Amino acid sequence: MIKTRVKELLDTCFAQGVAKGLWSGAGAGAYGVEVPKHEAHGDFSTNMAMVIAGLDKLKPREVAARLQEMLAAEPALVMKAEVAGPGFVNLFIRDEVWQAVLTTICDQQERYGLSSVGNGRRVLVEFVSANPTGPLSVGHGRQAILGDAIARLLAATGHEVTREYYYNDAGRQMRVLGESTRARYLELLGLPFQFPEDGYQGEYIREIAAELVAEAGDSLKACADVTPFKEKADKVIFANIVATLERLAIHFDSYYNEHTLYENGLVDDVVASLRAKGLAYDQDGAVWFKTTDFGMDQDRVIIKSTGEPTYRLPDIAYHREKFRRGFDWLVDIFGSDHIGTVPDVLAGVSALGYDPSRVSVVIHQFVTLTRDGKLVKMSTRKATFVTVDELLDEVGPDVVRFFFLTRKADSQLEFDLALAARESQENPVFYVQYANARLASIDRQAAAKGVARQPLAQVALARLSQPAERTMLKSLAAFPGLVEGAALDLEPHRIIFFLIDLAGQFHSYYNQHKVLSDDPELTQARLWLAEGLRLVFSNGLQLVGLSAPENM
RNA sequence: GCGCCUGUAGCUCAGCAGGAUAGAGCAACGGACUUCUAAUCCGUAGGUCGCAAGUUCGAAUCUUGCCAGGCGCGCCA
């Protein structure tokens, strides 16, 4: 990466200055390199002189001038260095350096942008984790897409990724679900029924009941046990969830049933471990976890006086189990409604001897749904939510995925259903995909004219001298660093904004300059630029799970 | 009351490990299709970066206090 080379050069200059006694070593590591907002300020800029001046009580512009002299000795990389403003040193990189990025891209092809920084680190990404009580809501959809994009980014940067869906089909929610199904079943048979007070009112329950009638007739009408109803609902709903995720091209490597933790004694074992460390105690008939030892304001119950565990006990056992299964890094994608559970789990992980910094929790804010500007309240139980399936019926997977990824997780996301259809016509996802399609079209056009790309080594890349070409080359060069940052910081939205920006650059260029022209040398250079762009669009889109169509 | 998140153009959002003149898309207005796909482009207009102090050469970015919205704060999950 070119930025890395610049940073190394600056480090060398800094050390030289120390050796020559121009300044002390106090500023080591304190200065930085950045890409200035304005092109007039160069390709890179450093605040090194100001940092040194501040620490050594020197004049910033004089320090900057010394640095400028040293940089002049590196003409292979730096074409020009300028002292500007209060003491910035602006670096102008040689055009050849930017042009050479095409060689890298064309060597690496669909691997350009990928890296090995992950170093094979095993990471478990847990997301969705919705219990099978109903179809996936739009909120789940956001999480599914966010988690999937993060998993893809981590995989692309050399991590060994496992995607896991954690669920519980044995709790109270599920019992109510079974009872709701039974009520609908009896209703369909025209028999007296009692709908549970807080039952699930969605239409899908009736459909499940209808299936039961078709399969079993009235043979279950006197069944006192809710299990057959619960199991049927579980099976149908889970299949529906998996099918919905399939529409979004999201696949899990494993589904982890909370029940496994109990069967294998892992929950009891956590309690025993905590007790052994003096971090669990009995009071009022319940078992408490001494979370105050971990900086929290009160202790928490892990086993109720009824003997049942609270949710946080299996959560802790589950996270320990992830570590025991050999994962180095645990990434949890949670909705903001679970924010309160995070400290409990982290305290549990610490208590059991694991490093909580190896757990990253991405909290995404809610999706607020509006219809014609009016807020739609969402509840699975009352069936007043909008499902991912309904959304997909209206706007298609790329639009939904792009829309959800075009915001950072921290932002609340407003989705107006009435606008959804219209949005789909104007969605910026098409803007980016269109750039890809146009580039593919240029390729086809070149082939039709019998113009083939010559080996890159023979191409006069120096002909790429337009400012717009230079800017695009810089963006292409920045792509791998961007992917790396987006992956390590778990922020897929950066990829989206990068692609939108690059598409804007390309569309503008396209309207102004011809790739295929009467000038064979220039055509060759531009064909390779087009190829570099095409690969970055295509790689970038696929990196976050979007399609890269060659025709639109 | 306490904790976390958010507040940037009319709308939806980037930018925030401090940096030079705060950006994009949509909406509005005016232009560009004998030329590689007009799902595009060019131009105009649009801002007390919630408010107020503080830190410093320099703050949308860091600190504190307010204001507004969201989510939590259970022997529910």
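Chain identifiers are assigned alphabetically (A, B, ...) following the order of the sequence lines, protein sequences preceding nucleic acid strands; residue numbering begins at 1 within each chain. Here the structure is a predicted model, which means the values were calculated and not measured.
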Checklist entry - Does the pair A:R463/A:E469 count as a salt bridge with the N-to-O cut at 4.0 Å? => result no

Checklist outcome for this item: Among B:rG72, B:rA20, B:rC73, the one nearest any side-chain atom of A:D337 is B:rG72

Next on the checklist: Distance check, C1' atoms only: B:rA28 and B:rA68, in whole angstrom units.
Outcome noted: 29 Å

Checklist entry - Taking the same atom, P, in B:rC26 and in B:rC42, what whole-Å distance lies between them? => result 11 Å

Item to check | Pairing of A:D282 and A:R275 as salt bridge, 4.0 angstrom limit | outcome: yes

Checklist entry - Side chain of A:T341, base of B:rA77: donor and acceptor closer than 3.5 Å? => result no

Checklist outcome for this item: Among B:rA38, B:rC75, B:rC36, the one nearest any side-chain atom of A:I442 is B:rC36

Checklist entry - Do the side-chain N or O atoms of A:K37 get closer than 4.0 angstrom to the phosphate oxygens (OP1, OP2) of B:rG19? => result no

Item to check | Pairs touching residues 336-350 of chain A that satisfy side chain to side chain donor-acceptor pair (under 3.5 Å), sequence neighbours left out | outcome: A:R312-A:D344

Checklist entry - Are A:R526 and A:D519 ion-paired here, with the side-chain N under 4.0 Å from a carboxylate O? => result no

Checklist entry - Reckon A:S45 touches a base, only the sugar-phosphate, or nothing at all at heavy-atom distances under 4.0 Å? => result base

Checklist entry - Looking only at atom P, what distance separates B:rG10 and B:rU48, rounded to whole Å? => result 7 Å

Checklist entry - Counting side-chain heavy atoms from CB outward, which of B:rC75, B:rU12, B:rA20 is closest to A:R407? => result B:rU12

Item to check | Residue A:Q445, side-chain heavy atoms: nucleotide from B:rC75, B:rC36, B:rA20 that is nearest | outcome: B:rC36

Checklist entry - So, A:H364 and A:D410: side-chain donor and acceptor under 3.5 Å apart, yes or no? => result no

Next on the checklist: Regarding A:I363, tell me which of base, sugar-phosphate or nothing describes its non-hydrogen contacts under 4.0 Å with the strands shown.
Outcome noted: nothing

Next on the checklist: Base, sugar-phosphate or nothing for A:D410? Non-hydrogen atoms, less than 4.0 Å.
Outcome noted: sugar-phosphate

Item to check | Which nucleotide in B:rC71, B:rG19, B:rG23 has an atom nearest any side-chain atom of A:H38 | outcome: B:rG23

Checklist entry - Rounded to the nearest Å, what distance is computed from the CD atom of residue A:Q412 to the P atom of nucleotide B:rA68? => result 16 Å

Item to check | Spacing of the C1' atoms in B:rU8 and B:rG69 (rounded, Å) | outcome: 16 Å

Checklist entry - Below 4.0 angstrom, N of the basic side chain to O of the carboxylate: do A:K408 and A:E491 qualify? => result no

Checklist entry - Checking all strands, does A:S411 fall into the base, sugar-phosphate, or nothing category for heavy-atom contacts under 4.0 angstrom? => result sugar-phosphate

Checklist entry - Considering only heavy atoms, which members of residues 491-514 of chain A lie under 4.0 Å from some atom of RNA chain B? => result A:H493, A:F497, A:H507, A:S508, A:Y510, A:N511, A:H513, A:K514

Checklist outcome for this item: Side-chain atoms of A:L516 come closest, of B:rG74, B:rC75, B:rC36, to B:rC36

Item to check | Closest nucleotide among B:rA77, B:rG19, B:rA39 to the A:N168 side chain | outcome: B:rA77

Checklist entry - Given the C1' atoms of B:rU35 and B:rC41, what is the spacing between them in whole Å? => result 14 Å

Checklist entry - Considering only B:rG19, B:rC75, B:rC36, which nucleotide approaches the side chain of A:W288 most closely? => result B:rC75

Checklist outcome for this item: One should report the stems of RNA chain B, each a stretch of at least three consecutive Watson-Crick or G-U pairs at distances under 3.5 Å, as B:1-7 with B:67-73, B:10-13 with B:23-26, B:28-32 with B:40-44, B:50-54 with B:62-66

Checklist entry - Where each residue is assigned the nucleotide of RNA chain B containing its nearest heavy atom, which of A:F88 and A:N131 is assigned the position nearer the 5′ end? => result A:F88

Item to check | Which nucleotide in B:rC36, B:rC75, B:rC73 has an atom nearest any side-chain atom of A:S441 | outcome: B:rC36

Item to check | No-H, no-angle donor-acceptor pair, A:N90 side chain to B:rA20 base, under 3.5 Å | outcome: yes

Checklist entry - Does one side chain, of A:Q542 or A:S538, offer a donor that lies under 3.5 Å from an acceptor on the other? => result yes

Next on the checklist: Taking the P atom in each of B:rC11 and B:rC16, what is the distance between them to the nearest angstrom?
Outcome noted: 23 Å

Item to check | Sugar-phosphate, base or nothing in reach of A:D443, heavy atoms under 4.0 Å | outcome: nothing

Checklist entry - Checking all strands, does A:A84 fall into the base, sugar-phosphate, or nothing category for heavy-atom contacts under 4.0 angstrom? => result base

Item to check | Under 3.5 Å side-chain donor-acceptor pair for A:T292 and A:Q298 | outcome: no

Next on the checklist: Say we look at B:rA77 and B:rG15: how far apart would their P atoms be, to the nearest angstrom?
Outcome noted: 37 Å

Next on the checklist: Strictly distance-based, threshold 3.5 Å: is any side-chain N or O of A:N436 a donor or acceptor partner for the main-chain N or O of A:V432?
Outcome noted: no

Next on the checklist: As a test of reading the structure: which of B:rA39, B:rC41, B:rG19 is closest to the side chain of A:Y431, going by heavy atoms?
Outcome noted: B:rC41

Next on the checklist: Taking any heavy-atom pair under 4.0 Å as a contact, classify A:D297: base, sugar-phosphate, or nothing.
Outcome noted: nothing

Item to check | Crowding at CD, A:Q283 (>12 non-hydrogen neighbours, <6.0 Å) | outcome: yes

Next on the checklist: Need one value for A:A437: base, sugar-phosphate or nothing, where a base atom within 4.0 Å counts as base even if backbone is also close, heavy atoms only.
Outcome noted: base

Next on the checklist: Is there a side-chain contact between A:R312 and the phosphate of B:rC76, meaning an N or O under 4.0 Å from OP1 or OP2?
Outcome noted: no

Item to check | C1'-based separation of B:rU61 from B:rC49 [nearest Å] | outcome: 10 Å

Checklist entry - Would B:rC67 be called syn or anti, given that syn covers angles within 90° of 0? => result anti

Item to check | For the student: nearest non-hydrogen atoms of A:F127 and A:A144, plus distance | outcome: CE1-O, 3.3 Å

Item to check | Distance below 4.0 Å between A:K408 side-chain N/O and B:rC5 OP1 or OP2 | outcome: no

Next on the checklist: Here's a test of your reading of the structure: between A:R444 and A:Q298, which maps to the more 5' nucleotide of RNA chain B?
Outcome noted: A:R444

Checklist entry - Ion pair present between A:D11 and A:K7, side-chain N to carboxylate O less than 4.0 angstrom? => result yes

Next on the checklist: How about NZ on A:K474, more than 12 heavy atoms from neighbouring residues, nucleotides or ligands closer than 6.0 Å, or not?
Outcome noted: yes

